[in-house]
Every structure is written in C-alpha cells, then in structure tokens.
Protein chains: 2
Amino acid sequence: MVTLKDISRDLGLSVTQVSRALGGHADVNAQTRKRVRAAADRLGYRPNAVARGLKTGRSGIVAMVVSGTRTPEASAHLLEIVMGLSAEFSRIGLRFVLHVAQPDEDTVRLHEDLFLAGGIDGFIVISPQKSDPRIAALTRMGAAFVVHGRDPDQAHVHVDIDNFEVGRRMTDHLLRLGHRRIAFLTAGDNTFFSRERVRGLKRAYADHGLDAGMARVVGLPMIAPEGQRAASTLLSSKQRPTAIIAGNTLLARGVYRAAAMHGLQIPCDLSVLAHDDDLELFATDTFDPPIGGTFAPLSQAWVSVADTLQTMIEPEKEGLKHRILPLGFQIGGSAKSNSD
Amino acid sequence: MVTLKDISRDLGLSVTQVSRALGGHADVNAQTRKRVRAAADRLGYRPNAVARGLKTGRSGIVAMVVSGTRTPEASAHLLEIVMGLSAEFSRIGLRFVLHVAQPDEDTVRLHEDLFLAGGIDGFIVISPQKSDPRIAALTRMGAAFVVHGRDPDQAHVHVDIDNFEVGRRMTDHLLRLGHRRIAFLTAGDNTFFSRERVRGLKRAYADHGLDAGMARVVGLPMIAPEGQRAASTLLSSKQRPTAIIAGNTLLARGVYRAAAMHGLQIPCDLSVLAHDDDLELFATDTFDPPIGGTFAPLSQAWVSVADTLQTMIEPEKEGLKHRILPLGFQIGGSAKSNSD
DNA sequence: CTGAAAGCGCTTACAG
DNA sequence: CTGAAAGCGCTTACAG
C-alpha cells in the first residue's frame with residue numbers, strides 16, 4: 001500500500017506538502033504540485049479513505065437500508081430506484097451502498113448501528129410511513145438524511161412532488177370530460193402521498209360543485225396483479241366506474257388487463273389515467289392506447305435527493321436544495337369524454 | 001460522541017485498560033471489566049469502526065458489486081440472494097453492503113475503487129463469466145473474496161455445487177424412465193455451470209450407451225418468459241422432446257405454462273425436471289404436479305460463502321471451508337416413464 | 001510556499 | 001493486572 005509518506009520520501013518533500021498538493025490546495029507551488037501528482041501516479045497512490053475518514057469525520061459513503069420485498073415487481077422497482085440513486089451519488093463523488101434487511105429485521109436498529117459505528121455520512125429514506133420510526137431515530141442521532149416523500153408528523157429534509165396536485169389534476173381532467181363515477185387506486189392510508197392524492201381528488205370534486213362521495217378510493221399494494229384484481233372487481237360492480245385513476249403505471253397495467261378481460265375498450269368504454277414516475281422497467285411505451293396522467297420522473301427526484309444530501313454533508317459545497325419537484329401532465333389517449 | 005478516553009476519564013483508568021476490558025481480553029481484572037462494561041453502557045459508548053479500521057486494517061464490511069438487471073424476475077432473484085447473504089454475514093458479525101452499478105458501468109473499476117480506498121474487507125462475486133475480469137482484478141489486488149460458482153480459467157476460492165452431477169443425474173433419471181429426446185434449457189455457453197451440466201448430460205447418455213445427439217440443448221436467460229418461449233418452440237417442433245430439463249424453477253414455470261398452452265399434461269404427455277435452488281420467491285409448492293429434479297438450497301451456499309470469507313478475513317477464527325455442497329434429488333410428480 | 005507537530009479513536013507490543 | 005507510548009494514514013492549524 002502506497003501512502004503519503006512513501007511519496008514524500010520519494011520526492012524529499014514533507015507529507016504536509018504532498019497532502020496539500022494532492023488536495024489541490026492553492027498554497028502550493030505549481031511545479032511542486034505537478035511533481036507530486038506525477039509521483040503519486042507513478043507509485044500508484046490511492047488515498048486511504050479510512051484514515052481520511054478518521055481525520056475529517058467523513059467517509060464519502062451514504063447508505064440506504066431497505067427491507068427485502070416480496071414480489072418480483074416490487075424488487076424490480078426497488079432496484080431501479082437504487083440504480084438511479086447510485087448513479088446520482090457517483091456523479092457527485094459520493095458512494096451509495098445498500099443494506100438489505102430481512103423482512104423481520106429491525107431496520108431502525110440497523111440505521112443506528114450503521115450510523116453510530118461511523119463511516120456513513122448520511123442516509124436516504126424512501127417510502128416513509130406515518131410517524132416513521134427510522135426518521136425519528138435518524139433525527140435523534142443527529143444524522144444527515146434526506147427523505148423521498150414526507151412524513152407530516154415530523155420535521156425533516158425531504159424531496160417530494162405535490163401529491164395533492166397529482167390527485168387534483170387527474171380528477172379535474174376526468175370531471176371536465178364528464179366523468180362522475182371515478183375510481184382511484186392508490187396505496188394504503190398510512191402513506192402521506194396517498195392521503196394527499198385523495199385530498200386532491202376531493203378538492204377537484206368540490207371545485208366542480210360535486211359530491212366526492214361518487215368517487216371510489218381503493219387502497220392496495222401498488223403492483224400490477226393487485227391493480228388487475230381491484231379493477232376487475234370494480235368493473236364487475238353494478239355501478240361500475242367510467243374512469244379509473246391508477247396511482248402508478250404498474251397499477252395501470254393491471255387496469256388495462258382487467259379492461260381487456262371484461263371486453264372493455266380504453267378509452268371508449270373506460271377512461272384510465274395514471275401517475276407516471278417514468279421508470280424504465282415499467283415503460284409506458286407499450287401501453288395501447290398511450291396512458292395519460294400526471295408525470296414526474298423519479299430520476300429528477302434522485303438528482304435532487306443526492307444534491308440535497310451532499311449539501312448537508314459538505315456544507316462548503318453549497319448546492320441546490322430543491323424540495324418540491326415540478327409536475328407534468330400527459331394527455332395520452334386513454335381518457336375520453338363521457339356522457340353517462 | 002463517547003470515546004474510550006471519556007470512559008477512562010470517568011473511571012480513572014487508562015485508555016489501554018478500557019480498550020482491553022471491552023475487547024474481552026483475559027488479562028483484565030474481572031472487577032475492572034465489569035466496571036468498564038457498566039460505564040460504557042451508562043455513557044452510551046459505541047466503538048468507532050473507522051478508528052478501529054485504521055488501526056487493524058479491518059472494517060467488518062464486505063461488499064458485492066452487481067449490475068442492475070433488466071427484468072422483474074432477475075431483480076427479485078438478485079434481491080433474494082442479497083437477503084440471504086446479508087443474513088449470514090450479520091449472523092457472523094460482518095456487515096454486507098451492495099453496490100448496484102449502472103448496466104453500462106465498469107464493475108471491474110468499481111471493485112478496484114472500493115477495495116483500494118480501504119474500508120472493505122472482502123468481496124463476494126456471483127455468476128462468474130468465462131475468464132471473469134472481476135476475479136482477475138480482485139486477485140491482482142490481493143483482495144479477499146469468495147466466488148459463488150466457478151471460473152475454470154482462474155484459481156480462486158469458491159463455493160459451488162457439482163453441476164456436472166446436476167446434469168448427469170437428471171438426465172440419467174429420464175433415460176431410465178425410457179426418455180430419449182430430452183431438451184435441456186440452461187444458460188449460455190459462457191457460464192461454467194452450464195457447460196458442466198451439459199457435460200453431465202452427455203455423460204449420462206454415454207453411460208446408457210446412447211448418442212447424446214438425441215438431446216437438444218437450448219441456451220437462454222433463465223427466467224420464466226424465456227422458458228415458456230423456448231418450450232413452446234420445442235413442443236411445436238416435429239420431433240418434439242418427451243422430456244424437458246429446466247436449469248432452474250423459473251424456467252420450469254415457463255415450461256409448465258407452455259405445456260398447458262399446448263394442451264399437454266405433465267407428466268403424461270411431457271416429463272419435466274428442474275434444478276431447484278429452493279428460493280422462496282419462486283417457491284415450487286405451487287407447481288402442479290410437484291416438480292422433480294436435483295435440489296440444492298442456495299441458503300446453504302450463503303452459509304458456506306460467508307464462513308469462508310470470514311476465515312479469509314479473520315484467519316484467527318478458523319472456520320469451515322466447504323467448497324462443494326451436497327446435492328439432493330426430489331422425485332416429485334413431474335416425470336413419468338416413456339415408451340415412445 | 002514549505003515543514004514540524006498535533007490529533008482523529010483505536011489497538012497492541014512493551015515494561016513494570 | 002495495569003499504564004505510557006507508539007502508530008495506523010491522513011488533514012490542518014501554526015510558525016516560519
């Protein structure tokens with residue numbers, strides 16, 4: 001292993017100067033800097049992150065702890081998220097590692113263990129639950145962390161989209177098209193984003209002077225088979241909805257399948273909208289007709305999450321601190337006016 | 001942050017003794033040890049892994065670098081592997097972290113970066129390719145690592161099953177039942193395990209005095225849709241096979257589907273065997289009829305992988321060094337005698 | 001522009 | 001059984 005000492009000996013310089021030269025500090029003779037750089041390359045020097053970490057208190061590593069998932073779709077979803085985060089962090093010079101816990105493992109303790117042992121500069125938390133204990137623990141320990149999404153019960157740095165608007169805009173779009181019986185497939189009530197979206201849906205009804213009681217809200221795991229099952233039930237019901245809003249494109253995929261099984265054409269017999277995270281694995285380009293709805297690429301969120309966490313870890317590099325990301329709307333071809 | 005110094009000050013002891021007491025060394029007065037333990041708990045002491053790492057050269061962290069995958073099934077497969085490894089490593093007191101690379105990212109470089117920066121004690125490599133460059137790089141750097149599977153072109157520590165036997169036993173079983181036209185669905189030719197299995201298949205034919213030319217070997221990604229497609233093609237062919245061997249249960253799932261679509265009953269019209277890794281996500285208890293074939297739980301492999309890597313990292317804890325794991329055979333109900 | 005020195009928190013010969 | 005000291009490899013005031 002080549003150390004600063006080796007370089008300093010090789011060059012007859014002090015370790016101090018070598019360190020400064022490689023660190024790119026201004027107060028080093030340009031000549032010297034060049035010589036040091038050359039020697040470091042020649043000897044194959046690699047800075048020891050552990051030693052640097054002990055001195056500076058920073059390891060350059062950020063972590064995320066997740067629980068193992070139960071379904072292929074959820075796994076694929078998780079891995080795409082991890083890939084997106086990894087890419088952003090490596091772009092800004094931080095290393096992102098994942099710790100996958102057992103389903104029955106205590107993730108709060110894992111956060112504590114990882115942080116208190118040192119060596120982790122910060123954390124990412126995704127899919128926060130109501131009064132999320134991970135957020136409470138990280139806050140208590142004074143760890144740097146960014147949450148994707150939001151827990152309204154605690155104050156914390158977060159990056160999110162305006163989920164109220166997600167619910168409001170899609171519902172408004174359908175109401176304008178004349179739909180009244182709208183079903184909304186979304187996650188359970190213990191997620192803030194879902195509650196916000198439902199609140200947006202209700203607001204849209206109210207804005208149109210309508211009773212939101214006409215809408216049906218269904219809470220479910222947000223994967224295709226569940227979407228298919230729920231849509232199937234809805235489409236078999238007496239007062240079947242004329243439009244379905246899917247919380248993500250996986251659910252929408254299930255809705256499309258259910259519609260096909262019921263012999264219903266989209267958008268003629270059934271309008272469908274979905275919120276689209278723009279995930280590659282569940283690309284919407286295979287939707288026929290093309291799906292409409294709100295649009296906010298998760299990849300944007302990762303840019304923001306990574307930059308924000310970096311700013312918390314390295315305050316000297318003042319970066320952006322986006323919090324609420326912009327929301328788009330795609331018309332698509334999956335919704336049509338209704339005159340029931 | 002509470003350090004050894006804080007405890008030593010609190011107790012009026014030297015840092016040396018505090019360190020030894022907490023480290024469980026024998027040469028410390030039992031009384032003292034107790035007092036130190038109590039003080040550490042009271043003050044909330046957590047050893048600083050970074051400092052320890054600088055001194056001992058060990059971080060207690062092992063890593064695996066994988067490329068992001070493209071399909072939900074492959075993602076689920078990967079995550080189950082990661083969960084299994086995580087569980088084993090945490091059982092023996094090591095932390096297992098995952099780095100998920102972009103599909104286009106240079107994983108060799110990632111291994112180098114992670115290792116040369118220090119802070120990673122060892123690596124796990126899975127799914128080795130022919131002349132795998134990751135293995136070459138880790139060997140060159142002198143890193144501790146264990147490969148699950150084997151690269152015949154390089155010497156390295158590995159944990160594996162006897163894949164020759166996997167191919168030989170399943171083929172032998174079918175040949176004894178009178179099958180002659182056997183199709184074998186397996187991975188591409190660039191994997192050692194697949195070549196070994198094919199070699200085993202040929203040996204079984206030879207042992208029965210038969211020409212292995214009657215067998216059909218199909219290389220493909222080992223997931224259900226591919227198995228279904230390949231089986232469908234085979235079952236439509238003129239000289240359709242009377243038996244299909246699937247390299248894993250995902251492929252077998254696809255074969256079952258294809259058989260159903262072709263109106264073929266298993267095992268009456270078609271015999272099917274599969275190698276079963278005993279993964280929870282692709283449990284075989286939903287196979288009707290129950291699938292037969294070779295059986296070797298991956299969870300066993302992880303026990304062995306973790307113990308072996310620990311032995312390489314901490315030679316003082318001499319542990320087991322299983323290399324080739326035992327192989328079982330399940331009769332199941334998916335294969336039947338043939339008299340074509 | 002350069003170097004000697006201190007120190008991050010820990011472990012471990014060494015001497016008593 | 002106990003403690004003073006050295007040192008892992010780095011960074012960074014401080015003094016020149």
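Labels below follow one simple rule: chain letters A, B, ... track the order of the sequence lines, proteins then strands, and each chain is numbered from 1.
- Listed by first then second residue, pairs satisfying side chain to side chain donor-acceptor pair (under 3.5 Å) with a partner in residues 89-99 of chain B read B/E88-B/R91, not counting sequence neighbours.
- In terms of modelled atom types and a separation under 3.5 Å, the side chain of A/D121 and the main chain of A/I313 share no donor-acceptor contact.
- In this model, no side-chain donor or acceptor of B/R46 finds a partner on the base of C/dG9 within 3.5 Å.
- A/N48 is linked by a side-chain hydrogen bond (donor to acceptor under 3.5 Å, both in side chains) to nothing, counting only residues two or more places apart in sequence or in another chain.
- Residues passing the side-chain hydrogen bond (donor to acceptor under 3.5 Å, both in side chains) test with B/T3 are B/D6, sequence neighbours excluded.
- With no hydrogens or angles considered, no side-chain donor-acceptor pair links A/D132 and A/Q129 at under 3.5 Å.
- Rounded to a whole Å, the CG atom of B/L4 is 15 Å from the C1' atom of C/dG7.
- Contacts of A/N29 with the nucleic acid, taken as non-hydrogen atoms under 4.0 Å apart, involve only primed sugar atoms and P, OP1 or OP2.
- Within residues 8-19 of chain B, the residues having any heavy atom under 4.0 Å from DNA chain D are, by residue number, B/L13, B/S14, B/T16, B/Q17.
- Using a 4.0 Å cut-off, no side-chain N or O of B/T56 falls inside it from OP1 or OP2 of C/dC10.
- Distances from the side chain of A/R20 to the nucleotides C/dT11, D/dT12, D/dG9 place D/dT12 closest.
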Could you go through the side chain to side chain contact (heavy atoms under 4.5 Å, CB included) check for A/V36 and A/Q17 one step at a time?
-> CA-CA 9 Å; A/V36 171; A/Q17 276 306 84; over 6 Å; no

Here DNA chain C, pairs taken as Watson-Crick or G-U under 3.5 Å and shown with ( ), [ ] when crossing and | when to another strand, reads |||.||||||||.|||

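- Listed by chain and residue number, nothing satisfies the salt bridge (charged side-chain N to carboxylate O under 4.0 Å, His left out) test with B/K34 (two or more places apart in sequence, or in another chain).
- Annotation: B/F123 is not in aromatic contact with B/F145 [ring centroid separation under 6.0 Å not met].
- At the heavy-atom level, B/D27 lies under 4.0 Å from base atoms of the strands shown.
- Checked against C/dT2, C/dT12, D/dT11, the side chain of A/T32 finds its nearest nucleotide in C/dT2.
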